[in-house]
Chemist: 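Before I ask anything, let me first share the structure, which is written out below as structure tokens.
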2 protein chains.
Amino acid sequence: MDPRVARRQARLDEVLDAAWEIARAEGLAAVSLHEVARRVGLRQPSLYSYFPSKSGLYDAMFAQGYRQLIDHVAAVSPRAADPRRGLVALSRAILGFAVADAARQQLLFHRTIPGFTPSAESYALAQEFLAFVTERLRAAGISERADVDIYTALIGGLGAQQVANDPGGNRWTKQLAAVLAMFFAHVDAKDA
Amino acid sequence: MDPRVARRQARLDEVLDAAWEIARAEGLAAVSLHEVARRVGLRQPSLYSYFPSKSGLYDAMFAQGYRQLIDHVAAVSPRAADPRRGLVALSRAILGFAVADAARQQLLFHRTIPGFTPSAESYALAQEFLAFVTERLRAAGISERADVDIYTALIGGLGAQQVANDPGGNRWTKQLAAVLAMFFAHVDAKDA
DNA sequence: GTCTATACTAAGATAGAC
DNA sequence: GTCTATCTTAGTATAGAC
């Protein structure tokens, strides 16, 4: 690969790391181009050769977050012989990823950053993730949209409560197995 | 009542209304003392006779939101002869309140405003609400903390997905009855 | 690609007069 | 309780040199 491209990519990664660091410490809204530049040893206007705007920085963070999420779940929970067991492992991976970083959870799943909406390319990554999950749900016998929606509410609900009311703990995440058992019983009850 | 007190309260309500209006239109983080003052026909420094700081404004919004929520659920779902039916009505009231205003949901239930934490008085209102709900859950035969936590995750999850992915619609809220039936089956299965 | 310099806008907060 | 005036800080963004 062209070393200039590699260097640029390395710089970009540094910049994004700095932005996430600020977001984790001070909140997503506290990320500023000045502070990011300060941390990587650049001047603020120099960041405009990496992003067209502040919103472009959020977009890059959004895309990076979903790429990491897709890699994470693919690595941690390969397709299993028992699809239900596989779905439990996948859910654990998603939930763990979500609660590990409250700022990331906010950006990826709640979209409460004023003035930011993901670009089409970035949004496609979110859809790719959803497609991955949907396929695993179908493999486990869950294909109706109503059930898929209930599933996303269950996982999202546990993650949101966990970071809002017991950050760093496991008061809600430890209910995952019980919640999934409840969900499976619900799905199976309709088929009977 | 002292008319001066009444006037002050009326002004305060105007100010809070303006703040909520901005929050709904531009997001919670976009609320500024300057813009609030502009909308109510005051100068920005005058707001400091109502709040000690910007954070104090958020605190007043937080307290007002929980007071409205408590009034809302108490009015809409009085104690019912059948506690399970009562719980369904209560849940519908809470969920309706939550999805009616995304900014309010963010402030009351997600706490993602950088630098804001509710005062003790305001937080007591949140606890009062939680106590109200917990009591109704107990009346319906649900008293274990694990089950209470699952309940809050269910309702919160539906509300969050609704405003994030289908604002103004009912794709998730319409699953409430199914989700509660699933939850009741889960609770009853353990007792059997 | 990075810099300096700067334009522009806006924010939270305080002092002191009325 | 509201005002004017002001301090202080900070932000996004652009122009143009190197």
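Note: hydrogens, waters and symmetry copies are ignored here, and every other heavy atom, side chains too, is used. Lettering follows sequence order; numbering is per chain, from 1.
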Chemist: For residues 158-167 of chain B, which side-chain N or O atoms pair as donor and acceptor with protein atoms under 3.5 Å away, sequence neighbours left out?
Modeler:
{"residue": "Gln161(B)", "atom": "OE1", "partner": "Asn165(B)", "partner atom": "ND2", "Å": "2.8"}
{"residue": "Gln162(B)", "atom": "OE1", "partner": "Arg171(B)", "partner atom": "N", "Å": "3.2"}
{"residue": "Gln162(B)", "atom": "OE1", "partner": "Trp172(B)", "partner atom": "N", "Å": "2.7"}
{"residue": "Gln162(B)", "atom": "OE1", "partner": "Thr173(B)", "partner atom": "N", "Å": "3.1"}
{"residue": "Gln162(B)", "atom": "NE2", "partner": "Asp166(B)", "partner atom": "O", "Å": "2.5"}
{"residue": "Gln162(B)", "atom": "NE2", "partner": "Asp166(B)", "partner atom": "OD2", "Å": "3.1"}
{"residue": "Gln162(B)", "atom": "NE2", "partner": "Gly169(B)", "partner atom": "O", "Å": "3.2"}
{"residue": "Asp166(B)", "atom": "OD2", "partner": "Asn170(B)", "partner atom": "N", "Å": "3.2"}
{"residue": "Asp166(B)", "atom": "OD2", "partner": "Arg171(B)", "partner atom": "N", "Å": "3.0"}

Chemist: Over how many whole Å does the gap from Ile113(B) atom CD1 to dA11(C) atom P extend?
Modeler: 16 Å
Chemist: Among all residues two or more places apart in sequence or in another chain, which pass the ring pair (Phe, Tyr, Trp, His ring centres under 6.0 Å) test with His72(A)?
Modeler: Phe97(A)
Chemist: Tell me: CG of Leu42(A) to C1' of dA13(D), nearest whole Å?
Modeler: 17 Å
Chemist: Not counting sequence neighbours, which residues clear side chain to side chain donor-acceptor pair (under 3.5 Å) with Arg24(B)? List them please.
Modeler: Asp101(B)
Chemist: Separation of Glu14(A) atom CD from dG1(C) atom P, in whole Å?
Modeler: 15 Å
Chemist: For His110(B), check ring pair (Phe, Tyr, Trp, His ring centres under 6.0 Å) against everything at least two apart and list the hits.
Modeler: His110(A)
Chemist: Once ring pair (Phe, Tyr, Trp, His ring centres under 6.0 Å) is applied, do any residues pair with Tyr50(B), and if so which ones, sequence neighbours excluded?
Modeler: none
Chemist: Of all residues at least two apart in sequence or in a different chain, which pass the side chain to side chain donor-acceptor pair (under 3.5 Å) check with Arg67(A)?
Modeler: none
Chemist: Could you give the CD-to-P distance, from Gln9(A) to dG1(C), as a whole number of Å?
Modeler: 12 Å
Chemist: What residues from residues 43-57 of chain B pass a heavy-atom cutoff of under 4.0 Å to DNA chain D?
Modeler: Arg43(B), Pro45(B), Ser46(B), Ser49(B), Tyr50(B)
Chemist: List the residues meeting side chain to side chain donor-acceptor pair (under 3.5 Å) with Gln64(B), not counting sequence neighbours, and say none if there are none.
Modeler: Trp20(B)
Chemist: Output all residues satisfying side chain to side chain donor-acceptor pair (under 3.5 Å) with Arg85(A), sequence neighbours left out; order by chain, then residue number.
Modeler: none
Chemist: Which ones in residues 29-40 of chain B lie close to DNA chain C, meaning a heavy atom under 4.0 Å from one of its atoms?
Modeler: Ser32(B), Leu33(B), His34(B), Arg38(B)
Chemist: What is the bend of the helix from dG1(C)-dC18(D) to dC18(C)-dG1(D) when you compare the axis at one end with the axis at the other, using five pairs each and rounding to 10°?
Modeler: 10°
Chemist: Just checking Phe129(B): does its CZ atom have more than 12 heavy atoms from other residues, nucleotides or ligands closer to it than 6.0 angstrom?
Modeler: yes
Chemist: Listed by chain and number, what are the salt bridge (Lys or Arg N to Asp or Glu O under 4.0 Å) partners of Glu14(A), not counting sequence neighbours?
Modeler: none
Chemist: Would you say dT2(D) has OP1 or OP2 under 4.0 Å from some side-chain N or O of Arg11(B)?
Modeler: yes
Chemist: Do Glu35(B) and Arg38(B) sit within salt-bridge range, that is, some charged N less than 4.0 Å from a carboxylate O?
Modeler: yes
